[in-house]
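As structure tokens, the structure follows; a few thoughts come after it.
Naming convention: chains lettered A, B, ... in sequence-line order (proteins, then strands); numbering from 1 in each chain. All heavy atoms count here, side chains included; hydrogens, waters and symmetry mates do not.
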2 protein chains.
Amino acid sequence: MNSSHFSISLHILTLLDQVKGQLLNSEYIARSINCNPVLVRKELANLHKHGFVQSKEGKGGGSTLAKNSADINLGDVYRAVKQKSLLGGSRNEPNPDCPVGRQITKHLNDLYDEAETALVKNLSSKTLQEFSAGFK
Amino acid sequence: MNSSHFSISLHILTLLDQVKGQLLNSEYIARSINCNPVLVRKELANLHKHGFVQSKEGKGGGSTLAKNSADINLGDVYRAVKQKSLLGGSRNEPNPDCPVGRQITKHLNDLYDEAETALVKNLSSKTLQEFSAGFK
DNA sequence: TCATACTGTAACTATTTTTATTACAGAACA
DNA sequence: TGTTCTGTAATAAAAATAGTTACAGTATGA
């Protein structure tokens with residue numbers, strides 16, 4: 001993927017959890033993250049698509065969590081946010097005339113899938129509520 | 001890190017294991033990977049620094065494994081190759097005036113460290129020999 | 001009903017990161 | 001002593017990422 005998506009999404013979700021149902025707009029969130037509001041809105045669009053947040057358009061609008069933070073686990077967030085494999089994905093095709101080059105993409109993908117599964121499993125053991133509770 | 005480093009390093013190590021002690025030069029390796037030979041030499045320099053390969057300069061030179069592939073595990077390779085945290089690392093500092101912004105970097109880093117440890121543990125359960133044996 | 005303040009999205013620009021290229025000194029070899 | 005490598009630096013090109021501008025559509029309330 002691109003790791004900052006996950007950071008930004010988690011930052012957003014944490015903010016939304018902290019304010020308990022209050023609507024936050026993209027400008028406010030962007031100031032906390034210190035990034036562009038459009039980037040926040042794009043990230044929110046993705047979180048919305050995956051059912052983590054609800055948004056309200058128009059004046060006084062903003063976003064809020066669509067479910068209880070205890071029911072959101074970080075592995076699910078990771079999967080929702082993920083765009084491409086964490087490892088892997090070189091831009092050049094290895095040489096098909098080389099026995100190693102011909103097969104390595106598949107072998108690497110298998111390896112990466114397994115490794116990433118282990119990572120996601122770890123993340124899945126934590127809820128947003130737990131993560132958010134660490135902030136005082 | 002930058003995931004292609006790991007892919008390239010593993011590709012190199014696999015090639016070196018396949019030819020069992022024969023010296024391979026960076027040009028040959030680069031053709032299999034389909035990348036620039038200088039990139040291969042840089043990657044080899046790092047693998048050399050971490051004791052995975054030996055190199056011989058001069059005419060007829062090249063590289064070879066510095067130890068038995070059964071004694072190289074993929075978690076160690078990952079750690080040798082890793083340059084920065086897999087997740088995390090956004091380029092802007094979150095807002096220190098926001099309670100969430102002020103603390104999130106640390107919280108994210110802790111989270112990422114644990115998740116990455118799970119991933120490395122998975123990789124560590126596999127040796128280069130096993131990986132390389134998958135190629136026929 | 002109209003000004004205001006949002007979201008959602010697209011198009012474009014800027015910045016940063018990654019990869020490729022060029023170049024060359026020094027090593028080993030025949 | 002010419003050739004073929006490594007090792008490394010400097011630079012250029014390409015790709016990925018983030019930021020900006022712009023604007024249509026939606027809700028709000030004076």
Problem - 5' priority, DNA chain D, between Gly60(A) and Ser63(B) [closest heavy atom] - result: Ser63(B)
Handout entry: Gap between atoms CD and C1', on Gln83(B) and dT17(C) respectively (whole Å)
Key = 11 Å
Practice task
Map Lys59(A) and Ile8(A) onto DNA chain D by nearest heavy atom, then report which one ends up closer to the 5' terminus.
Solution key: Ile8(A)
Fill in the blank from the handout: Residue set satisfying side-chain contact (heavy atoms from CB on, under 4.5 Å) with Lys42(B), at least two apart, ordered chain then number -> Val38(B)
Exercise for the section: Give the rounded distance in Å between these two atoms: CG of Leu24(B) and C1' of dC5(D). Expected result: 13 Å
Exercise for the section: Determine whether the side chains of Ser132(A) and Ser69(A) contain a donor N or O and an acceptor N or O closer than 3.5 Å. Expected result: no
Problem - Donor-acceptor side-chain pairing of Asp71(A) and Asn68(A) below 3.5 angstrom - result: no
Exercise for the section: Consider the side chain of Asn92(A), meaning its heavy atoms from C-beta on, and name the nucleotide among dG19(D), dA20(C), dC6(C) that approaches it most closely. Expected result: dA20(C)
Handout entry: Interatomic distance where NZ belongs to Lys49(B) and C1' belongs to dT8(D) [whole Å]
Key = 14 Å
Problem - Sorted by number, the residues of residues 29-41 of chain A with heavy-atom contact under 4.0 Å to DNA chain D - result: Cys35(A), Asn36(A), Val38(A), Leu39(A), Arg41(A)
Completion exercise
note: Glu27(B), atom CD; dT21(C), atom P; distance rounded to Å ~ 11 Å
Exercise for the section: Using the ring pair (Phe, Tyr, Trp, His ring centres under 6.0 Å) rule, collect all pairs that involve residues 98-136 of chain B, keeping only residues at least two apart or in two chains. Expected result: Phe6(A)-Tyr112(B), His107(A)-Phe135(B), Phe135(A)-His107(B), Phe131(B)-Phe135(B)
Problem - Whole-Å gap separating P (dT9(C)) and NZ (Lys42(A)) - result: 11 Å
Exercise for the section: Measure from CG on Asn25(B) to C1' on dA27(C) and round the result to the nearest Å. Expected result: 15 Å
Fill in the blank from the handout: To the nearest 0.5 Å, atom CG of Leu123(A) lies from atom CG of Leu119(A) at 5.0 Å
Problem - Polar side chain donor-acceptor pair, His48(A) to Gln54(A), under 3.5 angstrom - result: no
Completion exercise
Closest to the side chain of Ser55(B), out of dA5(C), dG7(D), dA11(C), is dG7(D)
Handout entry: Rounded distance (nearest 0.5 Å) linking atom CD1 of Ile104(A) with atom CG of Leu10(B)
Key = 6.5 Å
Practice task
Round to the nearest Å and state the distance from Leu47(B) atom CG to dG7(D) atom C1'.
Solution key: 14 Å
Exercise for the section: Indicate, with a heavy-atom threshold strictly under 4.0 Å, whether Ser26(B) touches base, sugar-phosphate, or nothing. Expected result: sugar-phosphate
Exercise for the section: With the side chain of Glu57(B) defined as its heavy atoms from C-beta on, choose the nearest nucleotide among dT20(D), dA27(C), dA20(C). Expected result: dA27(C)
Practice task
Write down the distance between NZ (Lys56(B)) and C1' (dG26(C)), rounded to a whole number of angstrom.
Solution key: 16 Å
